[in-house]
Trainee: 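I have a structure here, written as structure tokens, and I will follow up with some questions on it.
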Amino acid sequence: MYAALSSQPDGTVLVTTLDDEGSTIGQPQIVDGRSLPAAVAGLEPQHPRWVWDDTSRWYSALLDAGVRVERCVDLRLSHAILRRSELTAASELAGLPLSSWDRGAIESVEVAAGDVLFDLDRPMESAAEDPLEEFRMQRKAIASATDPGRIGLLLAAESAGALVAAEMQFAGLPWRADLHDEILASNLGPRPKPGQRPVLLEEVLERVREAFDAPELNPDSPAELLKALSRAGIVVTSTRSWELKKIEHPGIPPLLEYKKLARLLSANGWQWLDVNVRGGRFYPDYVPGGVVTGRWASKGGGGALQLPKQVRAAVVADDGWKLVVADASQLEPRILAALSGDRGMAEAGRSKDMYAAIVASGAVATRDQAKVAMLGAMYGATTGESGRLMPKLTRAYPQAIALVEMAARAGERGEIVTTRLGRSSPLPGEGWREIQGDAYGEAATDADQKRARSQARGWGRFTRNFVVQGSAAEWALCWMATVRHGLNEMAGTAWLTDAPHLVFFMHDELVVHCPADVAAEVERTLRDSAAQAGRLMFGELPVEFPLSVAIVDNYGQAK
DNA sequence: TCGTGTCGCGCC
DNA sequence: AAAGGGCGCGACACGA
């Protein structure tokens, strides 16, 4: 059973129960905003799938009112997938013009000002369309898909992810501002007055200035820094750390130290603490489906998905509680093995340490080479050691390499590629097509062709990575959804934050905050769910998805 | 003074 | 030792 929420122009909400095809069951209920949580809670015992345009909008308000739901359909996230998916390309939905169901959709409008017409891009009006209509359209698209099971699983996982995002945002990540302050003070010195540099940063800066004999140097300015380096006889094309590390000069160590400290200060310093942490919690702003590949993005200064290891010791479980930190080991290579069905690579993928198993199979000589070679295969490396290892990898795992090569060739031709569950890549932009077209024209120069080849290869690297990164993101969604279900079972009737609950997600890593006495049970749930995610996506496939799990008091203790 | 583009770097 | 994919953000640089 489904239950749809739609906003009415007068501010009331229509609650409509629906069957699988989207036909209305019984009489819709009209409720005002205040009584909506009670209405939702009243229907929840029937386990409906809640249908709404935007989970972060509806569910955040419900959570604030103390109401949780089990399942939902996030129409906007689903729409984005269905519109682009190769599996539903023939559907009516895929052929519709852009509307408010397409996030970030813009329409071009002509605005007259006196005699002049201006072409403006403006956002589409939102919520103009009826969610019930959209829901029926989506059900039809799914039913007519080339593989309804796959796309259906993807949409369910995507929507479950949206529920998790809202719940994690509601609960917040336990954060000890006093410990964060200690970390900053030990690295940078005590918090300075506004506009001043912390003392330890100032000291390192002085050492840099002395070493380069540049008393006014501001190393934050790449242009200035480049000049100072060249005066010291150092020739570099950029001021990136990994480039500077190669250089022997007494000024380089303090410069690298300065960059590290300056980064800590500007990205996760006292300002960050003031803005992002309140009442002992950090409230990240997740954006499910925010990345083309299906990965989540984050917005706002929090930078949840870039939380540096330096400050993780400030993430501390409440008294009597633990953090269970679980990380899917070597997820992307395992995904590639499972996707391609390559027997040799799947064999390696059954091992706890896939890279060691690749070495053991004789494909490459060292574990480091195995890692670099696999990364190169998934990212499209052509040069360096990674590029040199490709022929060896191809010999050892022909099917796996063929899969990523085919994805790359498709991208180079300007075609789309699709993940395991049916998320398809975008088409390259108009500019890209023009460049390709120019290279075949009468007047094409060598430079035109070179540019076109380089652009084509670039898009090929994107599509090559898309299938692996996107399928890995799907695995993570299946894992997360299953974990959430398992934790709910454990919680019984207890409220979200009074029982084991998810507090953090970062691509292939989950953190659960739970009472200490159930931490071991939570670990089992995490591990079982990882295995279940593998089965959901690949059936009984001979690839393992092992986790490294740490039960800790603070996040910094997890490796 | 503002908005926009680039660089560099954190995470996966 | 080094260069392939995806992000967000802060600081700087520059032009309006």
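Here the structure is a predicted model, which means the values were calculated and not measured. FYI, side chains are in, hydrogens and waters are out, and symmetry mates aren't considered; it's all heavy atoms of this structure. In the text below, chain A, chain B and the rest are named by the order of the sequence lines, each starting its count at 1.
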Trainee: Starting the side chain at C-beta, find the nucleotide from B:dG10, B:dC12, B:dC9 nearest to A:H507.
Mentor: B:dC12
Trainee: Is a donor-acceptor pair below 3.5 Å formed from side chain A:E385 to base C:dA1, judging by atom type as modelled?
Mentor: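 When only heavy-atom distances are counted, A:E385 does reach the base of C:dA1 through a donor-acceptor pair under 3.5 Å.
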Trainee: Nearest nucleotide by nearest heavy atom, which residue falls closer to the 5' end of DNA chain C, A:G458 or A:D368?
Mentor: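 Nearest-nucleotide comparison on DNA chain C picks A:D368.
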Trainee: Less than 3.5 Å apart, any donor N or O on the side chain of A:T55 or A:D74 sitting next to an acceptor on the other?
Mentor: yes
Trainee: Closest approach of A:A165 and A:Y286, non-hydrogen atoms and distance?
Mentor: CB-CB, 4.1 Å
Trainee: Do any N or O atoms of the protein come closer than 3.5 Å to N or O atoms of nucleotides 2-4 of chain B, and which pairs are they?
Mentor:
none

Trainee: Taking only the side-chain heavy atoms of A:S221 (C-beta and beyond), determine which of B:dC12, C:dC7, C:dA13 contains the nearest atom.
Mentor: C:dA13
Trainee: Check every strand shown and say whether A:V372 touches a base, only sugar-phosphate, or nothing at a heavy-atom separation below 4.0 Å.
Mentor: base
Trainee: Give the nucleotide from the list C:dA3, B:dC9, B:dC12 with an atom nearest to the side chain of A:W242.
Mentor: C:dA3
Trainee: Ion pair present between A:E206 and A:R209, side-chain N to carboxylate O less than 4.0 angstrom?
Mentor: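 Yes.
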Trainee: Would you indicate which nucleotide in C:dG5, C:dC7, B:dG8 comes nearest to any side-chain atom of A:F462?
Mentor: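 Among the listed nucleotides, the one closest to the side chain of A:F462 is C:dG5.
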Trainee: Consider only side-chain N and O atoms of A:Q399 and A:S340, and report whether a donor and an acceptor are under 3.5 Å apart.
Mentor: no
Trainee: Using a cut-off of strictly less than 4.0 Å, decide whether A:R295 has a side-chain nitrogen or oxygen near OP1 or OP2 of C:dC7.
Mentor: no
Trainee: So does A:T293 get a side-chain nitrogen or oxygen closer than 4.0 Å to the phosphate oxygens (OP1/OP2) of C:dG6?
Mentor: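 It does not, given that no N or O in the side chain of A:T293 lies less than 4.0 Å from OP1 or OP2 of C:dG6.
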Trainee: Stacking between C:dG4 and A:Y379, yes or no? Criterion: centroid separation under 5.5 angstrom, plane angle under 30 degrees.
Mentor: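 No; centroid distance or tilt outside limits.
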Trainee: Would you indicate which nucleotide in C:dA1, C:dG6, B:dG8 comes nearest to any side-chain atom of A:S238?
Mentor: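 Ranking C:dA1, C:dG6, B:dG8 by closest atom to the A:S238 side chain puts B:dG8 first.
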Trainee: Please determine, for the side chain of A:K299, which listed nucleotide (C:dC9, B:dC12, C:dG6) has the closest atom?
Mentor: C:dC9
Trainee: A:K309 side chain N/O closer than 4.0 Å to the phosphate oxygens (OP1, OP2) of B:dC12?
Mentor: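 For B:dC12, OP1 or OP2 has a side-chain N or O of A:K309 closer than 4.0 Å.
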Trainee: Decide if atom CD of A:Q196 counts as having more than 12 heavy atoms of other residues, nucleotides or ligands within a radius under 6.0 Å.
Mentor: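 Result for CD/A:Q196: enclosed.
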Trainee: Using a cut-off of 4.0 Å on non-hydrogen atoms, how would the nucleic acid contact of A:R457 be classed: base, sugar-phosphate, or nothing?
Mentor: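 No contact at all - A:R457 keeps every heavy atom at 4.0 Å or more from the nucleic acid.
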Trainee: Does A:T382 reach a base, just sugar-phosphate, or nothing at all? Heavy atoms under 4.0 Å.
Mentor: nothing
Trainee: Do the charged groups of A:E430 and A:R433 touch, with an N to O distance under 4.0 Å?
Mentor: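 A salt bridge is absent here (no side-chain N lies under 4.0 Å from a carboxylate O).
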Trainee: Please work out if A:N218 contacts a base, only the sugar-phosphate, or nothing of the nucleic acid, heavy-atom cut-off 4.0 Å.
Mentor: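 Touches sugar-phosphate only.
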Trainee: Of all the choices, B:dC11, C:dG6, C:dA11, which nucleotide is nearest to the side chain of A:Q469 once you look at every atom?
Mentor: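 Selected nucleotide: C:dG6.
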Trainee: Choosing from C:dA11, C:dA13, C:dG6, which nucleotide comes nearest the side chain of A:S266?
Mentor: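 Nearest to the side-chain atoms of A:S266, counting from C-beta on, is C:dA11.
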Trainee: Does A:M406 have more than 12 heavy atoms from other residues, nucleotides or ligands lying within 6.0 Å of its CE?
Mentor: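 Counting other residues, nucleotides and ligands, CE of A:M406 stays at 12 neighbours or fewer.
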Trainee: Measuring from atom CZ of A:R295 to atom CD of A:Q469, what distance do you get when rounded to the nearest 0.5 angstrom?
Mentor: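 A:R295 atom CZ to A:Q469 atom CD measures 4.0 Å (nearest 0.5 Å).
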Trainee: Within the 4.0 Å heavy-atom criterion, would you say A:S386 contacts the bases, only the backbone, or no part of the nucleic acid?
Mentor: nothing
Trainee: I'd like to know if A:R263 reaches the base of B:dC9 with its side chain, counting only an N/O donor and acceptor under 3.5 Å.
Mentor: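 Counting by modelled atom types and ignoring angles, a donor-acceptor contact under 3.5 Å is found here.
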Trainee: Counting side-chain heavy atoms from C-beta on, which of C:dA1, C:dC7, B:dC11 comes nearest to A:P308?
Mentor: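 Closest nucleotide among those given: B:dC11.
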Trainee: Counting heavy atoms from C-beta on, name the nucleotide in C:dG4, B:dG10, C:dA13 closest to the side chain of A:A223.
Mentor: C:dA13
